[in-house]
Amino acid sequence: MRICRIRIYEVNLDFTQPASISYKTWTRVNNLLTIVDTDDGLSGYGEAAPFKPITGDSLGDSLRFLYSAAKRLIGEKLSSQEEIRPILDKVSGDLGFFSSTGMAALESSCYDIAGKMLGKPIYRLLGSSEPKLSPNTVTIYLGATEDITDRTRDLLARYSEHGLSRIKLKLSGDPEPDLHRVLSVAKVHTGLITLDANQAYPNPDMAIDLFNRIHDRLSSQVALVEEPCPKRDLRKLKKVTDNSRIPTFADESAATLDDIKRIVEDKAANGINLKLQKVGGITRGLEAVRLASMSNIEVMVGCMMEGGTSIACGTNFATGVDHISCTDLDTDLELRNDVIIEDSKTLFIHGSRVPLDRPGLGVELGRLPSPIYTID
Ligand SMILES: [Mg+2]
């Protein structure tokens, strides 16, 4: 079986409401979709969700990589998932440049094909006979005027039928309002809360003081806090980790495999938020999990602003490997116009994202715009 055609699309995804973190607000995202076709009639899907400050590549970088890589992939033989990564690594090596989101999309497409060829979901290709489930968070973003208690009630009402047990709350970097926000969520939500500062606390002492005050009030109801300080300043991150009673998870600081190696070596965080879009796809994700598990660093599988195609890949990954303590795979839940058809959406049941029991990603595409590139 050989790759005979690759199509690359730009897809515009609109959120049902604005999503703000400490330094950015999204109302829509422009992602890239890849469809890889083989000469025996299989098609594999992948999505790239670039955001340069975190994934290291822009939409333009990802598109340039995909176009160049696609031209070299035509004619390549694809007979098992073990062959996928060496081919992609060779292509990226020949090109001399790399896009983590482009690589994640192409690897997803190739895994989707391998799964369809063998009649197995990707989590089974990764070695799991049943999906290994872990609790999934849904996020409350920052908002200037919202009543956070009402927002929490609304979220609990909308996701109660899905068994939502964990809420993730974005922090602003202003300690008093942040404390108030956390306590407001806890007023109506009895399950676990996770926090994400998105680098908003340049002063680690201020972060430690806030987190310990939160812990004094709510104890272990607050399970973890992501990325308190500016990214890749591991000295500050480690200081918070060593002194906060709430465990820390590195996200922006854990973008690449090299970043993750440094965090593991320095024990700079208690866990990492692993995103396939940051690290560059499934194979590198597997290596990240291996590194973390050897040092007892916990792993959450999270997402960028991803649609259903990429969330299906993240869910198959998270449920196909050991050592995943929780997931944060939620951006597809708040989209107005995803490109996948509704009944091929990743399930959200009993509080976990659950892959469909279908070959490959399990995703079926609906109407698409015209491709930007068709390479054959
Ligand atoms: Mg984060």
Side-chain angles (χ1 to χ4, degrees), residues 15 18-26 29 49-57 100-101 104 134-143 155 166-173 178 181-182 185 192-202 204 207 210-211 214 222-234 236-238 240-241 244 246-256 259-260 263 268-280 285 288-289 292 297-306 310-311 314-315 317-318 324-334 353:
F15 292 104
S20 296
I21 63 171
S22 61
Y23 56 90
K24 166 92 181 168
T25 296
W26 287 267
V29 285
F51 175 54
K52 198 161 182 129
I54 297 181
T55 60
D57 55 358
S100 63
T101 63
S134 55
N136 186 58
T137 47
V138 174
T139 304
I140 297 180
Y141 290 93
L142 295 176
L155 206 66
R166 288 185 171 216
I167 288 179
K168 168 164 159 174
L169 182 69
K170 295 288 187 179
L171 299 180
S172 67
D178 280 346
R181 287 168 60 75
V182 182
V185 172
L192 287 182
I193 299 169
T194 70
L195 306 176
D196 190 355
N198 290 111
Q199 315 172 55
Y201 284 89
L210 172 67
F211 302 157
I214 292 172
V222 178
L224 61 94
V225 57
E226 288 177 48
E227 203 69 29
C229 300
K231 68 175 177 179
R232 298 200 174 104
D233 190 335
L234 295 194
K236 288 183 178 177
L237 176 60
K238 186 169 171 51
V240 178
T241 302
S244 162
I246 300 177
T248 59
F249 273 52
D251 181 355
E252 288 91 328
S253 287
T256 66
D259 290 339
I260 292 166
I263 288 164
N270 302 109
I272 55 167
N273 183 346
L274 172 63
K275 299 172 180 170
L276 299 183
Q277 296 284 331
K278 285 187 302 187
V279 82
V289 172
I297 302 277
E298 284 190 60
V299 180
M300 161 200 314
V301 174
C303 60
M304 297 303 299
M305 290 300 183
E306 298 170 27
S310 190
I311 292 291
T315 302
F317 177 83
I324 307 302
S325 36
C326 56
T327 61
D328 178 33
L329 298 166
D330 65 343
T331 49
D332 62 325
L333 300 171
E334 301 280 348
R353 295 313 296 265

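Every number for a ligand or one of its atoms is a count from 1 in the order of the listing.
Checked against the Mg ion (ligand 1), the N, O or S atom of D251 at the shortest distance is OD2. Its N, O or S atom nearest to the Mg ion (ligand 1) is what matters here, and for E226 that atom is OE1.
In summary, D196 places an N/O/S atom under 2.8 Å from the Mg ion (ligand 1), meeting the contact criterion. Metal site remark for the Mg ion (ligand 1): E252 contributes no N, O or S atom at a distance under 2.8 Å. With 2.8 Å as the limit, D328 does not count as an N, O or S neighbour of the Mg ion (ligand 1).
A salt bridge between K275 and D251 is present, with a side-chain N of the basic residue lying under 4.0 Å from a carboxylate O of the acidic one.
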Begin from the C-alpha positions of T327 and T315 and carry the test side chain to side chain contact (heavy atoms under 4.5 Å, CB included) through to its verdict. CA-CA 8 Å; T327 61; T315 302; over 6 Å; no
For N270 and E298, what are the C-alpha separation, side-chain angles and deciding distance, and is it a side chain to side chain donor-acceptor pair (under 3.5 Å)? CA-CA 6 Å; N270 302 109; E298 284 190 60; over 6 Å; no
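Side-chain contact annotation: S100 with T55, donor-acceptor N/O pair under 3.5 Å absent.
Put simply, the side chain of D332 reaches to within 4.5 Å of the side chain of R353, judged on heavy atoms.
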